[in-house]
Amino acid sequence: MLQHVNAVVLSVRNITISKEFYEQKLGFECIDEGDIRGHRYARYIVGEGLANLELIEVTEEEFLSKDLEGELSPFNFYTQTVDTCFDQLKNNGVEVFNFKESPSVFTFDFKDPDGNILNVCEERDYKNPFYSSIKEAYEENSEHIFDGVASVFLSTKNVDKLSDWFLELEGMKLFDDWNDGKGLILPSGIKGASIGIFMEEEAKVRTSISKPSSIPFIYFQSNEIEKDFEKFKRNNVSVTALIHGCFYFTDIDGNLFGVRE
């Protein structure tokens, strides 16, 4: 069964420059680096969350093929102190902007050296049982700038069709339903990151990697990789071969995902 988001993937032009930014400016801890499928990469723990951040170095041509125009970040980070986080990043020389307040969420954006725009949020709708679980999941006095990866986002022309497709994957559950989208959660809960699906014409998501690509932009964690692989095949999901405890699959919109054990 898929347990949680294992990693979100972000393409960068120069892994050395990006490592310096994410480690020194954002305080992320690098837990692994090397070469994967012909690309240099670095993997980071994000706060206390289960979902890691994976930076992948690509060519200039591959980077420029990303869709950087859109209203939504491909994923966002969660903090319990958005004001402090905003000031901390600003003091670290990070370009921060678009600070917004609403009854349910405070949010802002920041840019990395490549111009990737990422989002930070603090949920305030604690009357909602799901969002109130965020407070329970993370320590209030965390020393991390970010508590974890909050959500990953997909935009589609048919929200119901894509969300129903994901809900057929064992472990996915619907936790929120709004006018132009749906929210899905995996068994590990909020620390494992949620998936937000939006109507493309209402809220277009910027891509974190080029599309199409041989690199998945989300990896899921499986507790039984061989069983999940066989189950995906039986369900007629388009999958690659299972190699070294990992396989890849595409959804009905052609988005590429990875599954790791």
Side-chain angles (χ1 to χ4, degrees), residues 4-12 15 17-33 41-56 72-102 104-126 130-153 183 185-186 188-196 205-206 208 217-219 221:
H4 58 82
V5 174
N6 171 280
V8 291
V9 180
L10 183 67
S11 64
V12 298
I15 197 73
I17 293 174
S18 293
K19 275 174 55 65
E20 181 178 339
F21 174 84
Y22 282 91
E23 292 170 19
Q24 297 183 15
K25 304 287 188 181
L26 303 187
F28 288 176
E29 177 188 352
C30 184
I31 57 171
D32 189 27
E33 58 183 303
Y41 76 92
R43 174 183 275 250
Y44 293 91
I45 294 173
V46 182
E48 302 166 35
L50 299 173
N52 298 150
L53 170 66
E54 205 161 287
L55 303 178
I56 297 285
L72 290 177
S73 168
F75 54 87
N76 64 359
F77 299 105
Y78 178 71
T79 178
Q80 295 184 72
T81 54
V82 71
D83 300 308
T84 302
C85 182
F86 182 89
D87 291 338
Q88 192 168 357
L89 293 186
K90 188 176 181 180
N91 291 337
N92 286 350
V94 178
E95 183 181 351
V96 290
F97 52 99
N98 281 350
F99 192 100
K100 298 177 182 178
E101 301 180 20
S102 74
S104 61
V105 64
F106 285 17
T107 181
F108 69 87
D109 295 328
F110 70 90
K111 277 186 181 181
D112 76 0
D114 283 310
N116 290 306
I117 300 175
L118 301 176
N119 180 261
V120 182
C121 71
E122 178 185 356
E123 298 289 350
R124 298 287 178 94
D125 184 12
Y126 298 120
F130 172 78
Y131 292 123
S132 64
S133 68
I134 296 174
K135 278 286 187 185
E136 299 170 7
Y138 293 110
E139 296 179 13
E140 277 203 44
N141 298 316
S142 170
E143 296 180 356
H144 306 290
I145 295 179
F146 304 128
D147 291 300
V149 175
S151 300
V152 295
F153 301 113
I185 195 73
L186 288 102
S188 295
I190 189 64
K191 278 195 171 183
S194 61
I195 298 173
V205 178
R206 297 184 293 273
S208 61
F217 81 104
I218 299 172
Y219 282 95
Q221 183 78 27

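Here, residue 1 is the first one in the sequence, and each next residue gets the next number. Just so it is clear, the values below take in all heavy atoms, side chains as well, and ignore hydrogens, waters and symmetry mates.
- Put simply, CZ on Phe108 and NZ on Lys100 are 13.5 Å apart, with the number rounded to the nearest 0.5 Å.
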Quick one, Leu26 with Phe21, criterion side chain to side chain contact (heavy atoms under 4.5 Å, CB included). Give me CA distance, side-chain angles, the key distance, then yes/no. CA-CA 7 Å; Leu26 303 187; Phe21 174 84; 3.9 Å; yes

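- The minimum heavy-atom distance linking Asn52 with Ile45 is given by the pair ND2-CA, 3.8 Å.
- Residues Pro74 and Val205 share a closest heavy-atom pair of CA-CG1, 3.7 Å.
- Proximity of the aromatic rings of Phe77 and Phe28 is defined here by a centroid distance below 6.0 angstrom, and this criterion is met.
- When all heavy atoms of Cys30 and Glu23 are compared, the closest pair comes out as CB-OE2, 3.7 Å.
- Between Phe153 atom CZ and Ser194 atom OG the span is 6.5 Å, to the nearest 0.5 Å.
- At distances below 3.5 Å, at least one donor-acceptor pair connects side-chain atoms of Asn76 with backbone N or O atoms of Ser151.
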Please assess Ser18 against Asp112 for the test side chain to side chain donor-acceptor pair (under 3.5 Å), listing each intermediate value before the final yes or no. CA-CA 8 Å; Ser18 293; Asp112 76 0; 5.3 Å; no

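- Atom CZ of Phe75 is separated from atom CG of Leu10 by 5.0 Å, given to the nearest 0.5 angstrom.
- Atom CZ in Phe217 sits 13.5 Å away from atom CD in Glu54 (nearest 0.5 Å).
- Residues Ile145 and Gln88 come closest through the heavy atom pair CG1-NE2, 3.5 Å.
- Annotation: side chain of Phe97 is in contact with side chain of Ile117 (closest heavy-atom distance under 4.5 Å).
- Two residues are said to be in side-chain contact when any heavy atoms from C-beta on lie closer than 4.5 Å; Leu186 and Ile195 meet this criterion.
- Thr107 contributes atom OG1, which lies 8.5 Å from atom CZ of Phe99 (distance to the nearest 0.5 angstrom).
- The side-chain heavy atoms of Lys191 and His4, taken from C-beta on, include no pair separated by under 4.5 Å.
- Separation of atoms OG1 (Thr79) and CG (Leu89) is listed at 9.0 Å; rounding is to 0.5 Å.
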Side chain to side chain contact (heavy atoms under 4.5 Å, CB included) between Val5 and Val149, intermediate numbers included: CA-CA 9 Å; Val5 174; Val149 175; 5.9 Å; no

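- Looking at every heavy atom in both residues, Ala42 comes nearest to Lys19 through CB-CG, 4.0 Å.
- At least one donor-acceptor pair closer than 3.5 Å links the side chain of Asn92 to the backbone N or O of Lys25.
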